Amino acid sequence: NALIKDVSANGAMSIKSTYEKTVADDLEGGAQIGSIGGLFGYMGDSYIKSATATNAMTLENNHEMNSIGGVAGYISSSFFDTATTSGNIAITLDEGASYLGSIGGAIGVSYDSILKDIDSTRNMITTDSVSDAANNIGGLVGNASETNIINSNYVGTIDVNSLENVSNVGGLVGNNYGSTSDREYAE
């Protein structure tokens, strides 16, 4: 198990991934963006104490985008104790994009973890989006499974534009399965 204490990231993050599709490509082809976070892309079996991510995140893709979070894209079997995140997450899905999912102001996907004293003041905005589906979008966590969320909050704007089939969008958690919460709130 890793111990990570008193860490921060400031500045800007810009990721653009495109794939030139041809007639010969099948539907499975395309560029994918996943497990992107303001501090950590993926965290497993870790204890994180006092983390701060203050950065603008700009992501652009023409196929699939998932597991995006202001602090971490994907966490598993980890304990986050006191984290703050602020700034904008701006997402552009270009023509041909098929999926946007598990986007959170703090954590994109949380599995079998504990989130304590997490504050997110992220604005999440999709622009020029032509995706077929978008789901599991939350101000704090996009997709929480077997996760305890304690004394955590979200203040900001979630603006999902021009998408077909939008589901599981929440001020705190987009999709919650087998998780418990204590003293959460969203403004």
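Here the structure is a predicted model, which is why all the values come from computation and not from measurement.
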Engineer: Compute whether any side-chain donor of one residue and acceptor of the other, for Asp119 and Tyr154, lie under 3.5 angstrom apart.
Structural biologist: no
Engineer: With distance as the sole criterion, is a donor-acceptor pair present between the side chains of Asp112 and Ser77 under 3.5 Å?
Structural biologist: yes
Engineer: Establish, from distance only, whether the side-chain atoms of Asn136 and Asn168 form a donor-acceptor pair under 3.5 Å.
Structural biologist: yes
Engineer: Just by modelled atom types, is the Ser110 backbone N or O under 3.5 Å from a matching donor or acceptor in the Thr147 side chain?
Structural biologist: yes
Engineer: Which heavy atom in Gly170 sits nearest to a heavy atom in Ile158, and how many Å separate them?
Structural biologist: O-CD1, 3.5 Å
Engineer: If you take all heavy atoms of Ser86 and Thr121, which pair is closest and at what distance?
Structural biologist: CB-OG1, 3.1 Å
Engineer: Side-chain contact test, heavy atoms from C-beta onward, threshold under 4.5 Å: evaluate it for Tyr111 versus Glu146 and give yes or no.
Structural biologist: yes
Engineer: Please name the pair of heavy atoms, one in Val173 and one in Ala144, separated by the smallest distance, quoted to 0.1 Å.
Structural biologist: CG1-CB, 4.0 Å
Engineer: To the nearest 0.5 Å, tell me how far Ile89 CD1 sits from Ile125 CD1.
Structural biologist: 10.0 Å
Engineer: Is the closest side-chain donor-acceptor distance between Asn1 and Asp45 under 3.5 Å?
Structural biologist: no
Engineer: Could you go through Lys49 and Ile4, starting from their C-alpha distance and side-chain angles, then the distance that decides it, and tell me whether this counts as side-chain contact (heavy atoms from CB on, under 4.5 Å)?
Structural biologist: CA-CA 6 Å; Lys49 172 72 175 166; Ile4 299 169; over 6 Å; no
Engineer: So how far is it from Leu172 CG to Ile149 CD1, rounded to the nearest 0.5 Å?
Structural biologist: 7.5 Å
Engineer: With a 4.5 Å heavy-atom cut-off, do Tyr74 and Phe40 have their side chains touching?
Structural biologist: no
Engineer: In Å, rounded to the nearest 0.5 Å, how long is the span from CG of Leu115 to CD1 of Ile150?
Structural biologist: 8.5 Å
Engineer: When rounded to the nearest 0.5 angstrom, what is the spacing between CD1 in Ile118 and CG in Asp81?
Structural biologist: 7.5 Å
Engineer: Please tell me whether Tyr42 and Ile36 are part of a single hydrophobic cluster in this structure, the criterion being side-chain heavy atoms less than 4.5 Å apart.
Structural biologist: no
Engineer: Are Met57 and Asn88 packed together at the side-chain level, in the sense that at least one heavy-atom pair is separated by less than 4.5 angstrom?
Structural biologist: no
Engineer: Mind listing the closest non-hydrogen atom pair of Gly38 and Ala9 along with its distance?
Structural biologist: O-CB, 3.6 Å
Engineer: Can you list the steps and then say if Leu59 with Ile68 is a side-chain contact (heavy atoms from CB on, under 4.5 Å)?
Structural biologist: CA-CA 9 Å; Leu59 305 143; Ile68 312 296; 3.5 Å; yes
Engineer: Are Tyr177 and Val109 connected into the same hydrophobic cluster when the rule is that any two of I, L, V, M, F, W, Y join if their side-chain heavy atoms are below 4.5 Å apart?
Structural biologist: no
Engineer: Between atom OG of Ser102 and atom CG of Asn66, what is the distance when rounded to the nearest 0.5 Å?
Structural biologist: 6.0 Å
Engineer: Below 4.5 Å, heavy atoms only, C-beta onward: do Ile103 and Met124 meet side chain to side chain?
Structural biologist: yes
Engineer: Given the rule that I, L, V, M, F, W and Y join up when any side-chain heavy atoms are under 4.5 Å apart, are Ile33 and Leu39 in one cluster?
Structural biologist: yes
Engineer: Do you know the tightest heavy-atom contact between Ala53 and Gly70?
Structural biologist: CB-O, 3.4 Å
Engineer: Mind checking whether Leu140 and Val71 sit in one hydrophobic cluster, side chains of I, L, V, M, F, W, Y counted as touching below 4.5 Å?
Structural biologist: yes
Engineer: Could you check whether any side-chain N or O of Ser78 sits under 3.5 Å from a backbone N or O of Ser46, counting only pairs where one atom can act as donor and the other as acceptor?
Structural biologist: yes
Engineer: Less than 4.5 Å apart, any side-chain heavy atom of Ile75 and any of Phe80?
Structural biologist: yes
Engineer: Of all heavy-atom pairs between Ser120 and Gly139, which one has the smallest distance, and what is that distance?
Structural biologist: OG-O, 3.2 Å
Engineer: Hey, could you give me the OG/CD distance between Ser17 and Glu60, rounded to the nearest 0.5 Å?
Structural biologist: 10.0 Å
Engineer: Would you call Ile91 and Leu100 a side-chain contact if the rule is heavy atoms closer than 4.5 Å?
Structural biologist: yes
Engineer: Start with the C-alpha gap between Val160 and Ile137, add the side-chain angles, then the distance that decides, and say whether side-chain contact (heavy atoms from CB on, under 4.5 Å) holds.
Structural biologist: CA-CA 9 Å; Val160 181; Ile137 300 170; 4.1 Å; yes
